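Here the structure is laid out as structure tokens; the discussion comes afterwards.
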Amino acid sequence: MNKLWYLSQISMFDSLPLEDLMEIERMAPMKTIQKHTLIQTPATFREGLYFIKKGKLRLYKINSEGRQFTLGILGEGNVFGEIDTFSLGTKGIYIETMEETLLCSLTKEEFESFLTQRPQLALKLLKVLSERLLEREAMLEQLALGGIRDRVLHLLVKLADQFGVEKADGFSKIDLVLSHQELANMIGASRESVTVVLNELVKQDLIRTGRMSIQIRLDEAKKELSQ
DNA sequence: TCATTAACCCCAG
DNA sequence: CTGGGGTTAATGA
């Protein structure tokens, strides 16, 4: 499993010919980052483009009281970064690895020259950007309106859509190692409230929980949310 | 009324 | 011991 294999797994590059993949391989060194490492803070922000080849990153802000608020989680194949005004929404935030991660990066200059030669790549990036904006909007909406139960359910559905692994019995296992505290951080709630809601959802047979693991009936959960 | 705070508890590693 | 998870009375917007 060499570098090229990883690049071919990245959906953004699916439609690029092999020569382009090889060029990127030359330009973009890949490095391994240990779990629970801060790879970006508002202070250390640098322009450029980053691809996640393997692993998971958590993006979060810290409010004035020092509490974290998770904006989202990026996994294998996702991109982030900024070049001038072309923002993928990752400026001014903290980014931390949730597990060992393989990251590949292009500098601002490398990415700009690569982009101008390949307009189809710019189009794909535009799509990524607009999707991410829509998701932020939906997230803010449910955050302002819903009670804790809805916010937890919404979060679990979103995580299962992104990281869920279908099981034979109708449950999707969320392939992330998350404590109740981390779930609480993602929706701006207390750990205790999340624990209570999670146990309610277990009683309603919408989810199953284990230590640092959650399975969810995705279709049932979505029905609950639309009511 | 609903969620947070604070103070406990137990359990696994 | 530490960190995750569970519980509840008091408190507060």
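A quick note: this is a predicted structure, and the numbers were derived from the prediction, not measured. In the text below, chain A, chain B and the rest are named by the order of the sequence lines, each starting its count at 1.
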Inter- and intrachain pairs under salt bridge (Lys or Arg N to Asp or Glu O under 4.0 Å), touching residues 207-221 of chain A, at least two apart: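 Pairs touching residues 207-221 of chain A that pass the test: A:D169-A:R208, A:D205-A:R217, A:E220-A:K223.
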Of all pairs that satisfy salt bridge (Lys or Arg N to Asp or Glu O under 4.0 Å), the ones with a partner from residues 27-46 of chain A, not counting sequence neighbours: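 Pairs touching residues 27-46 of chain A that pass the test: none.
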Pairs touching residues 153-167 of chain A that satisfy side chain to side chain donor-acceptor pair (under 3.5 Å), sequence neighbours left out: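 Passing the test, one end in residues 153-167 of chain A: A:D161-A:K222.
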Boundaries of the chain A footprint along DNA chain B (any atom under 4.0 Å from a heavy atom):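 Span of nucleotides near chain A: B:dA3 to B:dA7.
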Sugar-phosphate only, base, or nothing, as touched by A:S179 at under 4.0 Å among non-hydrogen atoms: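 Sugar-phosphate, backbone atoms only, no base.
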Can I get a per-line list of side-chain donor-acceptor pairs under 3.5 Å for residues 194-203 of chain A, giving both atom names and the distance, sequence neighbours left out?
from   : atom 1 : to     : atom 2 : distance (Å)
A:T195 : OG1    : A:H180 : ND1    : 2.9
A:T195 : OG1    : A:R191 : O      : 3.1
A:T195 : OG1    : A:R191 : NH1    : 3.4
A:N199 : ND2    : A:T195 : O      : 3.2

Any residue meeting salt bridge (charged side-chain N to carboxylate O under 4.0 Å, His left out) with A:E192, in chain and number order, not counting sequence neighbours: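 By the salt bridge (charged side-chain N to carboxylate O under 4.0 Å, His left out) rule, A:E192 matches no residue at all.
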Listed partners of A:E100 passing salt bridge (charged side-chain N to carboxylate O under 4.0 Å, His left out), at least two apart: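 Checked A:E100 against salt bridge (charged side-chain N to carboxylate O under 4.0 Å, His left out); zero matches.
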Contacts under 3.5 Å, N or O only, protein and nucleotides 6-11 of chain C:
from  : atom 1 : to     : atom 2 : distance (Å)
C:dG6 : N7     : A:R191 : NH1    : 2.6
C:dG6 : N7     : A:R191 : NH2    : 3.3
C:dG6 : O6     : A:R191 : NH2    : 2.9

For A:V177, the rest of its hydrophobic cluster, which grows through side-chain links under 4.5 angstrom: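 A:M212, listed by chain and number.
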Euclidean distance, atom CD of residue A:Q181 to atom P of C:dT2 [Å, nearest integer]: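 Answer to the nearest Å: 18 Å.
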Spatial distance of atom OG (A:S193) from atom CG (A:L183) [nearest 0.5 Å]: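 So the OG of A:S193 and the CG of A:L183 are separated by 12.5 Å.
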